[in-house]
Amino acid sequence: MKNLRYAWIPFLSYGKILQIEENSVVYHQGGEGKGFYYLCKGGVKITLLSKEGVERTVNYVPEGMLFGEHGVKKESYITSAITTCPSILYYFSDNALVNICNEHPDAACLFTNSLLYKFRILAEIISFLNSPVEQQMAHFLLKLISENGNLSIDQTSFARYIGTSRITVNKILNKWKNQKIIHLSNGTIEILDSNRLKNLRDSGANHIANLDVLTLSI
């Protein structure tokens, strides 16, 4: 899955470029699909609203990745997408996808693999639901920083990503800071000892094969 990032660049000319402000909704969960998107620059978070009305962040889209693929052929979006900063996106309609696949047959496989990767992310989250919060935080912090560099994220947003309280996140982050596993500065999290975080991630968590396959390199 690591080869998905930036792989869609050859087809950007088929899309429509969009400049989106921070905190703008790109698409709503349950809304009729109107196509999919490519994040060229900026940031987009993907959220999922449960039947109980609880919203959880399930992914932060790295630059160079597709998102909203489940909205093709007017299928309902299964998540919502919201910009986290001013962003540049490319929008692809159903017709654009047909044209791309007709003229570049390999693009169909690339699109399918990208969609499968998103479902694997959801499976990853489900796998960790019953694991201790510290193990979940270790895994998702490793994933986010590997994909996005040193992470600038407020603790409330990170708590929503993990599905826990801000107080719990603050307690664990400060514990790791004191143990010199991470460094905290002006809202930015830097990993100092990735091996110790990986040990925390792997110690007793529900098993999911090849966790590193789910992490895209920068």
Side-chain angles (χ1 to χ4, degrees), residues 1-18 20 24-49 56-85 87-128 139-140 142-149 151 161 208-218:
M1 294 296 183
K2 292 179 183 290
N3 61 351
L4 291 175
R5 198 165 182 190
Y6 302 114
W8 201 255
I9 285 179
F11 317 120
L12 294 185
S13 60
Y14 292 84
K16 177 182 178 182
I17 191 167
L18 304 173
I20 310 293
S24 296
V25 176
V26 181
Y27 60 78
H28 276 293
Q29 180 176 338
E32 181 183 2
K34 299 182 183 301
F36 62 101
Y37 301 84
Y38 173 91
L39 177 59
C40 179
K41 186 175 182 180
V44 173
K45 67 178 179 180
I46 306 298
T47 65
L48 182 67
L49 187 65
R56 174 168 179 170
T57 301
V58 295
N59 193 30
Y60 284 87
V61 181
E63 291 181 354
M65 287 292 289
L66 298 178
F67 65 99
E69 300 96 323
H70 35 84
V72 299
K73 297 183 179 178
K74 302 188 183 304
E75 292 291 333
S76 297
Y77 290 110
I78 62 175
T79 58
S80 296
I82 304 158
T83 56
T84 59
C85 61
S87 302
I88 299 175
L89 314 177
Y90 282 83
Y91 162 72
F92 297 87
S93 65
D94 288 347
N95 286 338
L97 179 60
V98 170
N99 290 335
I100 292 170
C101 292
N102 284 340
E103 298 175 24
H104 306 275
D106 56 320
C109 182
L110 177 60
F111 180 86
T112 301
N113 284 339
S114 182
L115 181 58
L116 290 174
Y117 175 74
K118 305 306 164 51
F119 286 117
R120 185 77 191 272
I121 287 175
L122 293 177
E124 166 195 38
I125 291 172
I126 293 170
S127 175
F128 274 95
H139 171 66
F140 289 110
L142 284 163
K143 177 182 174 67
L144 285 172
I145 290 183
S146 175
E147 294 180 351
N148 300 284
L151 184 64
Y161 187 35
I208 181 170
N210 300 320
L211 279 169
D212 290 330
V213 171
L214 290 164
T215 301
L216 300 160
S217 53
I218 296 176

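For N59 against Y161, the heavy-atom pair with the smallest separation is N-CE1, 3.7 Å. Closest of all the heavy-atom pairs between G43 and S87 is N-OG, 3.0 Å. Residues I46 and A81 approach most closely at CD1-CB, 3.8 Å, considering heavy atoms. Between L66 and S114 the shortest heavy-atom distance is CB-OG, 3.7 Å. Pairing each heavy atom of L12 with each of Y38, the nearest pair is CD2-CD2, 3.6 Å. What you find for H70 and I78 is that their closest heavy atoms are ND1-N, 3.3 Å.
Going from atom CZ of F36 over to atom OH of Y27 covers 12.0 Å, rounded to the nearest 0.5 Å. With rounding to the nearest 0.5 angstrom, the NE2 atom of H28 is 11.5 Å from the CG atom of L49. One finds the NZ atom of K45 at 12.5 Å from the OG1 atom of T79 (value rounded to the nearest 0.5 Å). Interatomic distance, NZ of K34 versus NZ of K74, reported as 6.5 Å (0.5 Å rounding). The structure places CG of N99 at 9.5 Å from NE2 of H104, a figure rounded to the nearest 0.5 Å. Separating the CD1 atom in I82 from the OG1 atom in T57 is a distance of 7.5 Å, to the nearest 0.5 Å.
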ask   = So Y6 and E63, side chain to side chain contact (heavy atoms under 4.5 Å, CB included) or not? Walk me through it.
value = CA-CA 8 Å; Y6 302 114; E63 291 181 354; 4.2 Å; yes
request  = Take V44 and I20 through the side chain to side chain contact (heavy atoms under 4.5 Å, CB included) test and state the conclusion after the steps.
outcome  = CA-CA 10 Å; V44 173; I20 310 293; over 6 Å; no
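Remark: F119 engages no residue in a ring-ring contact (aromatic ring centres under 6.0 Å, His included) (not counting sequence neighbours).
In this structure a side-chain-to-backbone donor-acceptor pair under 3.5 Å is missing from S24 to T83.
Between T47 and V58 the shortest side-chain heavy-atom distance does not fall below 4.5 Å. Contact check for Y91 versus V26: no side-chain heavy atoms found under the 4.5 Å cut-off. The closest side-chain heavy-atom distance from F111 to I100 is not below 4.5 Å. By the 4.5 Å heavy-atom criterion applied to side chains, Y117 and I121 are counted as neighbours. Taking the side chain as every heavy atom from C-beta outward, V61 and Y37 never approach each other to under 4.5 Å. Put simply, the side chain of S80 does not reach to within 4.5 Å of the side chain of V25, judged on heavy atoms.
Ring centers of F92 and F11: at least 6.0 Å apart, outside the cut-off.
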